[in-house]
Amino acid sequence: MTLARTSDPIVAIATAPGRGAVGIVRVSGARLAPLVEALCSRALKPREATYLPFRDAQGEPVDHGLAIHFPTPHSYTGEDVLELQAHGGPVVLQLLLSRCLEAAAEIDPATGRPRLPGLRVAEPGEFSQRAFLNGKIDLAQAEAIADLIDASTEAAARSAGRSLSGAFSREIHTLRDALIHLRMLVEATLDFPEEEIDFLQKADATGQLQRLQAQLAAVQLRAKQGALLREGIKVVIAGQPNAGKSSLLNALAGAELAIVSAIAGTTRDVVSQTIQIHGVPLHVADTAGLRDSSDEVEQIGVARAWGQIESADAVLFLHDLTRAGQPDYAAADAQILAGLRRKLPASVPVLDVWNKQDAASLAAPPSEGIALSAKTGAGIEALRDQLLAMAGWQAVPEGIYLARARHVQALARVETHLALAAAHLAAQAQLLDLLAEELRLAQNALNEITGEFGAEDLLGVIFSRFCIGK
């Protein structure tokens, strides 16, 4: 998606498809008064809900509902906005949408011109895009709108609300302002090298940079936690057949999702479920038992299991305690572990989970990993806590704001540029040009988060993922 034509007036159904008590048709553009008159047969007081009939071209009511006119600039988009709140049937809303387009093209008797020339149906996210372009919200806040709508947990919704209120953006602006001040000192030193005063030393540039790095580290921590609330991690349960992988998935999910049987190789395909631990979504996949098989269908299941493992953020390597002392079983486990090490990056954690503790004859399970019983639930809470630790979840003292992967990546680039800047600053006059460049690149990375400037394709990708009417 490229940036839409921002001068055209736009209209869309702003509520989700389906039937409901109330549905909203939203119009945004310049000088909507003639359209308001055509639809409502009267002018509307600014920002005041008025109950009235919505008229068709013959003056007959299409529906009765509330009409609200938000004159520029006091509206969501910064333009004139008209909201028609009608009954939420899809046919009614489509009739209202068609009537808006029809009325816009009609000739206004007062002017002899179309009432609202160029009115068209909005593209996904175009209302929020206009709010961003008109300075009503920044890019991080715009993304928070979509995140709030899509939030799957209470924690994610509250964090998205904090981002929408500007908490994340204010942190970024604080970092940017400190960075701009430091850049000013460096540029002054470059512009006036003949001055006796050492601008950088007198202004404690080294101390300023160190404080900036400390502030960045705190923002990164909260952003990473916020990204976890939004994205979660993918956890794959892997192991030999009949180790209890499906039972473990059911125990974690608290529901009978996967078929459990004493017959080895019952699971042939991937069974996935998203669970929530303290509001953090974990996408857990139960896979086919890993073994050599002559069964063609089971071979496909094993291949899919390895495919899931290769895309995992963390792996639970499930062992059967009742068979742990058998040489053949231990050898097969070792072979699977070698395969995991080959296929997974070193950054992906593999947690040993020893199942069937309730039926095991061993005096004590191995010291590494977690021992549990998927059947009785013993040890499941310890596993949940370990999964959070594997995800990188940490309790932070301040409120978390929802962040996206691109925000975390941008902050990581800022961290890299500031580290290089610190190295150049230590060399002082010899590398001041490089210092100035690293600070500029760090500021650019911060600006990408809030959209102080950015490429059109970045904005297009972000807003195209919104729903129509938002």
Side-chain angles (χ1 to χ4, degrees), residues 228 231-253 255-275 277 280-324 326-356 366 368-372 374 380 383-384 386-392 405:
L228 270 178
E231 307 287 349
I233 65 168
K234 179 179 178 179
V235 179
V236 174
I237 306 174
Q240 294 188 56
N242 243 6
K245 297 182 296 298
S246 297
S247 297
L248 181 56
L249 173 65
N250 292 343
L252 287 170
E256 296 296 320
L257 302 173
I259 298 173
V260 176
S261 168
I263 302 172
T266 299
T267 301
R268 300 294 185 96
D269 208 346
V270 177
V271 180
S272 299
Q273 177 68 19
T274 297
I275 65 172
I277 305 176
V280 178
L282 301 180
H283 314 293
V284 184
D286 170 30
T287 58
L290 301 175
R291 68 173 178 181
D292 294 330
S293 174
S294 59
D295 186 314
E296 183 178 353
V297 176
E298 188 173 0
Q299 289 175 2
I300 295 173
V302 171
R304 290 185 178 182
W306 281 112
Q308 290 290 316
I309 289 168
E310 290 175 358
S311 63
D313 297 309
V315 174
L316 300 182
F317 185 11
L318 198 61
H319 311 272
D320 184 347
L321 270 174
T322 65
R323 294 182 282 168
Q326 301 172 8
D328 290 348
Y329 187 82
D333 264 2
Q335 184 178 0
I336 292 173
L337 180 59
L340 292 174
R341 296 304 183 196
R342 285 196 309 271
K343 293 179 179 291
L344 290 172
S347 59
V348 176
V350 177
L351 176 65
D352 288 304
V353 180
W354 303 88
N355 189 28
K356 305 185 183 180
E368 294 184 358
I370 291 180
L372 54 78
I380 293 296
L383 177 60
R384 287 173 176 269
Q386 188 62 37
L387 283 171
L388 281 182
M390 292 169 68

I want to check something: taking the side chain as every heavy atom from C-beta on, are [X] and [Y] in contact at a cut-off of under 4.5 Å?
X: S272; Y: H283; answer: no
X: V315; Y: V235; answer: no
X: I309; Y: L290; answer: yes

Looking only at heavy atoms, which two atoms of D333 and F317 are closest? And how far apart?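 That closest heavy-atom pairing would be O-CZ, 3.5 Å.
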With sequence neighbours left out, write down each residue that passes salt bridge (charged side-chain N to carboxylate O under 4.0 Å, His left out) with D320, or none if nothing qualifies.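 For D320 the salt bridge (charged side-chain N to carboxylate O under 4.0 Å, His left out) partners, ignoring immediate neighbours, are R323, K356.
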Residue list, side chain to side chain contact (heavy atoms under 4.5 Å, CB included) with P327, at least two apart or on another chain: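 In terms of side chain to side chain contact (heavy atoms under 4.5 Å, CB included), with neighbours along the sequence ignored, P327 is linked to no residue.
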Give a yes or no on this: more than 12 heavy atoms of other residues, nucleotides or ligands lie within 6.0 Å of atom CD of Q335.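 At most 12 heavy atoms, drawn from other residues, nucleotides or ligands, come within 6.0 Å of this atom.
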Rounded to the nearest 0.5 Å, how far apart are OH of Y329 and CG of N242?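 The OH atom of Y329 sits 9.0 Å away from the CG atom of N242.
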Mind checking the CG-CE spacing from L282 to M390? Nearest 0.5 Å is all I need.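 Between L282 CG and M390 CE, I get 9.5 Å after rounding to 0.5 Å.
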Can you list everything that forms a side chain to side chain donor-acceptor pair (under 3.5 Å) with Q299? Sequence neighbours excluded, please.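 Q299 satisfies side chain to side chain donor-acceptor pair (under 3.5 Å) with no residue once adjacent residues are dropped.
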Establish, from distance only, whether the side-chain atoms of K245 and T287 form a donor-acceptor pair under 3.5 Å.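 Absent: no donor and acceptor within the cut-off.
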Are H319 and D352 close enough that a side-chain donor and a side-chain acceptor fall under 3.5 Å?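 Note: H319 and D352 side chains meet the donor-acceptor criterion.
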V284/T274 under side-chain contact (heavy atoms from CB on, under 4.5 Å): CA gap, chis, key distance, verdict: CA-CA 6 Å; V284 184; T274 297; over 6 Å; no
